[in-house]
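So you know, we letter chains A, B, ... as the sequences are listed, proteins then strands, and number each from 1. Because the structure is predicted, anything quoted here is derived from the model rather than measured.
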Protein chains: 2
Amino acid sequence: MITEELLESHQALRKKYTKGDIIFREGELPNHYFQIISGEVKMCNFNDDGREFIQGIFSPKQSFGEPPLFLNRLYPANAIAVSDCELFVLSKPLFLKLINENALVSMAIIENLAQRLHYKSVMAAEISSQEPEHRLLKLIDYSIRFFKIEKEKEGHRIDLTRQQMADLTGLRVETVIRAIKALEKKNEIKIINRKVFR
Amino acid sequence: MITEELLESHQALRKKYTKGDIIFREGELPNHYFQIISGEVKMCNFNDDGREFIQGIFSPKQSFGEPPLFLNRLYPANAIAVSDCELFVLSKPLFLKLINENALVSMAIIENLAQRLHYKSVMAAEISSQEPEHRLLKLIDYSIRFFKIEKEKEGHRIDLTRQQMADLTGLRVETVIRAIKALEKKNEIKIINRKVFR
DNA sequence: GTCGGTTTATGACTCAAATCATAAAGCAAA
DNA sequence: TTTGCTTTATGATTTGAGTCATAAACCGAC
């Protein structure tokens with residue numbers, strides 16, 4: 001999102017996290033801009049009885065957690081390392097300075113926020129009013145269309161566990177497993193040793 | 001969001017719509033920036049069997065429908081006039097010119113997008129994993145905290161119909177009616193001739 | 001190779017919200 | 001003040017996803 005040179009010239013630090021590490025918690029006050037160098041990070045909420053909802057999964061070059069930075073609000077969700085990862089970390093004042101000085105960066109931020117808003121609009125409509133199979137197909141197609149999914153000879157391989165799909169769509173694992181099988185039967189997707197292809 | 005002077009100096013037009021008018025449709029290509037002068041506009045989706053999901057309701061001074069403008073994507077939802085209203089309408093190229101020339105405006109856009117993203121994060125987590133009463137209370141509290149809700153002696157009056165609350169939370173009207181009554185019984189809210197107060 | 005943890009799988013059962021039906025109350029316009 | 005439409009209300013019934021239980025398949029570490 002923001003180039004390495006620009007980040008480093010503004011004294012961004014590199015910081016390593018190991019799988020499972022909590023980068024920040026829901027309810028905390030944001031103080032930093034984060035951008036992924038390597039690895040994956042998820043933002044998620046846990047409801048009263050521990051069930052998880054995944055707001056999004058982020059990959060290298062993507063940033064996360066900026067919105068409340070601009071609003072002086074508390075984080076609405078947790079950020080957790082999905083795998084070992086390395087991040088650029090830039091303090092809030094330096095980050096704001098950076099975007100004020102650089103029109104291109106602020107345009108990039110706008111596009112980034114617009115993109116996430118688009119995803120959330122699409123999924124919110126799905127989650128609130130569509131059946132499990134429909135929701136899952138939308139998630140899969142959205143992932144293919146807008147995320148980094150390499151096409152193989154069997155089709156696009158969806159690199160999400162059933163549990164992750166469940167947490168992204170607000171369903172239970174068992175429901176996802178059953179819906180995925182139903183979709184295979186309808187020839188909407190293929191399952192090749194447990195991986196979903198489309 | 002963007003000042004009247006700035007909009008008019010960039011040749012924005014004023015356009016009137018009457019209650020129920022469709023301002024743009026899901027699937028269309030965005031060509032304009034819209035900002036409300038008076039009245040209210042909702043953005044919503046309709047699922048396969050006609051059920052509505054309300055993405056958001058927008059009031060005077062607020063803009064809507066920009067995200068896909070920045071992404072060259074199709075509108076993910078419909079925009080419909082909730083009441084008679086008047087809007088500023090600015091063509092895409094002129095709008096992009098305006099924000100490029102004006103750092104303050106682009107910062108305002110960022111804040112606006114961040115705000116909507118925050119709302120969507122909160123509601124997505126609710127809708128996907130909380131009970132009806134919890135969802136409704138969150139919607140109500142969010143509305144009070146972040147939208148224009150005047151405090152009266154009975155508390156904050158929530159100016160949403162039961163149907164709108166249903167369409168905002170992904171519930172059915174009957175469920176909302178019952179949950180609202182349950183919340184009254186628990187003294188979380190008051191109902192004074194059918195209006196909800198908190 | 002074996003062990004332990006994760007992921008996928010499947011059946012039986014439950015239950016809360018959706019659905020369906022019906023009507024009262026409120027409100028705006030004729 | 002009557003008419004027609006919207007909004008709120010309430011009971012009965014259905015249903016599909018959630019829950020619970022159990023296990024097989026897979027995978028990485030030792």
Check whether the side chains of A:His118 and A:Tyr142 place a donor and an acceptor atom closer than 3.5 Å, and report yes or no. yes

Can you name the side-chain hydrogen bond (donor to acceptor under 3.5 Å, both in side chains) partners of B:Gln130, sequence neighbours left out? none

Test your reading of the model: is there a side-chain donor-acceptor pair from A:Thr175 to the backbone of A:Leu171, 3.5 Å cut-off? no

Pairs flagged by ring pair (Phe, Tyr, Trp, His ring centres under 6.0 Å) wherever residues 65-87 of chain A is involved - sequence neighbours left out: A:Phe24-A:Tyr75, A:Phe70-A:Phe95

Could you identify which residues of residues 162-172 of chain A place a heavy atom less than 4.0 Å from some atom of DNA chain D, listed by residue number, or say none? A:Gly170, A:Leu171, A:Arg172

Which atom pairs, one a donor and one an acceptor, fall under 3.5 Å between side chains of residues 106-114 of chain A and the rest of the protein, sequence neighbours left out?
| residue | atom | partner | partner atom | Å |
| --- | --- | --- | --- | --- |
| A:Ser106 | OG | A:Ala103 | O | 3.1 |
| A:Asn112 | ND2 | A:Ser63 | OG | 3.1 |
| A:Asn112 | ND2 | A:Glu66 | OE2 | 3.2 |

Spell out, as yes or no, whether a donor-acceptor pair under 3.5 Å connects the side chain of B:Asp21 to the backbone of B:Ala81. no

Within residues 175-198 of chain B, those residues having any heavy atom closer than 4.0 Å to DNA chain D are B:Ile177, B:Arg178, B:Lys181, B:Arg194

Between B:Gln62 (side chain) and B:Ser59 (backbone), is there a donor-acceptor pair under 3.5 Å? yes

With sequence neighbours excluded, residues passing side chain to side chain contact (heavy atoms under 4.5 Å, CB included) with B:Arg25: B:Ile22, B:Glu28, B:Asn78

With B:His156, which residues qualify under ring-ring contact (aromatic ring centres under 6.0 Å, His included), at least two apart? none

Could you identify which residues of residues 45-58 of chain B place a heavy atom less than 4.0 Å from some atom of DNA chain C, listed by residue number, or say none? none

Through what angle, rounded to 10 degrees, does the axis of the helix from C:dG1-D:dC30 to C:dA30-D:dT1 turn between its ends, using five pairs per end? 50°

Taken to the nearest whole Å, NZ/B:Lys19 to C1'/D:dC5 is 11 Å

Find out whether the Lys NZ or Arg CZ of B:Arg73 is both under 6.0 angstrom from the six-membered ring centre of A:Phe146 and within 45° of the ring's axis. yes

If we ignore angles and hydrogens, is there a donor and acceptor under 3.5 Å between the side chains of B:Asn102 and B:Lys97? no

Quick check on DNA chain D: between A:Glu174 and A:Arg135, whose nearest nucleotide comes earlier from the 5' end? A:Arg135

Between A:Arg157 and A:Asp159, does at least one N-O distance fall below 4.0 Å, as a salt bridge requires? yes

Mind checking what makes side-chain hydrogen bond (donor to acceptor under 3.5 Å, both in side chains) contact with A:Gln163, not counting sequence neighbours? A:Asp167

With a 3.5 Å cut-off and sequence neighbours excluded, list the donor-acceptor pairs that the side chains of residues 41-48 of chain B form with protein atoms.
| residue | atom | partner | partner atom | Å |
| --- | --- | --- | --- | --- |
| B:Lys42 | NZ | B:Glu52 | OE2 | 2.8 |
| B:Asn45 | OD1 | B:Gln55 | NE2 | 2.8 |
| B:Asn45 | ND2 | B:Glu26 | OE1 | 3.3 |
| B:Asn45 | ND2 | B:Pro76 | O | 2.7 |
| B:Asn47 | OD1 | B:Asp49 | N | 3.1 |
| B:Asn47 | OD1 | B:Gly50 | N | 3.3 |
| B:Asn47 | OD1 | B:Arg51 | N | 2.9 |
| B:Asn47 | ND2 | A:Ser129 | O | 2.7 |

State whether the side chain of A:Ser83 and the backbone N or O of A:Glu40 hold a donor-acceptor pair below 3.5 Å, judged by distance alone. yes

Using a 4.0 Å cut-off to any heavy atom of chain A, which nucleotides of DNA chain C are the first and last in contact, reading 5' to 3'? C:dT7 to C:dA12

